[in-house]
Colleague: 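Below is the structure I would like to discuss, written out as structure tokens.
Side-chain atoms are counted along with the backbone in the values below, which use heavy atoms only and exclude waters and symmetry mates. Both ligands and their constituent atoms are indexed starting at 1 by order of listing.
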Amino acid sequence: MSLELYNTRSRKKEPFTPLDPEQVRVYVCGPTVYDFAHIGNARPVIVFDLLYRLLRHIYGETHVKYVRNITDVDDKINARAAHEGISIGEVTERTTKQFHDDIAALGALPPGIEPRATEHIPQMRALIDKLVANGHAYAAEDHVLFHVPSMAGYGKLSGRSVDEMQAGARVEVAPYKKDPMDFVLWKPSSEGEPAWDSPAGIAVPGRPGWHIECSAMSAEHLGKTFDIHGGGIDLVFPHHENEIAQSTCAHGTQFMAQVWMHNGYLQVEGEKMSKSLGNFITIHDLLQDWPGEAVRLAMLTTHYRQPFNWTEAGVREAKRTLDHWYELTDGVETGCMLCADVLQALEDDLNTPKALAAVHELRREAANGEKAAAARLKACGQFLGLLSKTTEEWSAWRPASVKVDAQRVEQLIDARAAARIARNFAEADRIRDELVAMGIAIKDGPEGTTWEVAR
Ligand SMILES: [Zn+2]
């Protein structure tokens, strides 16, 4: 079997053939760095990390170029800096560092190139000038706008009609727009906002719109056309539709990316995640309570195109599964024995539920004492970005804030004391083990037994 990927553009699963197998080129929209990343941001990071690992396996580690950008110019960043009374640079530096720490804990490999928008302003200006020159964009009141009716086939990716797009985009109908669908490529900056020399002969300094950033950065690092463009399903319209419009019209190409891949929505305990519902979870907070690999495994249990329902029960189950895998692979050498079933499942449009079923089969065999299965279990786990620690490191992990049921701990300590008085040492040991499993350390002294939360 060879690699097949679902293409949002064609709405079907297609065999994947790279434009150049010597250099497979992938672009994924990265974060806008103004605040801690939330678990919705974690999903594309994990999904496309797995794709990156798979492509490296198929085409060779040095034959895959993975670009994931950092959007470090955006009105949300300006607002955050003003709110905190710090510089824009401080906000973007701090948030970029937080993002890197968070996603490293989720087992994501760093992309080959991580371009920053602010380092590609000349490329954006050049792209905008090209669009103006070939009649796809125009300057008006110090803005530059892309003229949507100038492009045949706008809306093809999302498959929406112009009416639907107008409704969906809630387009701000500024008086200077020739058409309500026209979108901003460049806008003037007010005092205190980041500003650069403007394109299109505009005299006042300005800053780029969000969409042009990705067109400029992908062209700079991957070329006018490339293989795969990824992101969350919420980016299909308008962001990706606009990227296609800008890139194909500026370069005169038939397509921007061959394959468009989108991960599904994320919910929390069956509800939409939002700050107003009070169920907004940052990756940073989550990593205080759960190891990153448990978060990663929990997400991989659902196919990337399906909506994913984040639940506490799900991550707890993932943690337990990993406890067992780590126990079975303690001290095992992996060699390079990937399981064909796991690989085949991933080559089938990243079918992680199927891949995990194959890993569970290896777990069953390993539990029955089959040494080769334990080695395969480790190799496959690592391929999925899991089992990257030693069993000892894994067992030593503790949540930052252990939620302890103190009453239950006291009951167990009393029961253990009673067992010891009755000289039932097996029972006393069993209770001690139970306490240890709860993350409790106990200490026997002349005053009796004391306890504390183990770290
Ligand atoms: Zn983008």
Colleague: If I consider every N, O or S atom in Glu243, which one ends up closest to the Zn ion (ligand 1)? I only need its name.
Modeller: OE2

Colleague: For the atoms SG of Cys29 and NE2 of His239, give the angle they form at the Zn ion (ligand 1), rounded to 10 degrees.
Modeller: 120°

Colleague: Between Ile58, Asp349, Val24, which is the residue that forms a side chain to side chain contact (heavy atoms under 4.5 Å, CB included) with Phe16?
Modeller: Val24

Colleague: Measure from the Zn ion (ligand 1) to each N, O or S atom of Cys214 and report whether any distance is below 2.8 Å.
Modeller: yes

Colleague: Just jot down the side-chain hydrogen bond (donor to acceptor under 3.5 Å, both in side chains) partners of His221, sequence neighbours excluded, or say none.
Modeller: His120

Colleague: Rounded to the nearest 0.5 Å, how far does CG of Asp101 lie from CD1 of Ile283?
Modeller: 11.0 Å

Colleague: Return the orientation label for the His284 and Phe36 ring planes: parallel under 30°, perpendicular over 60°, tilted otherwise.
Modeller: parallel

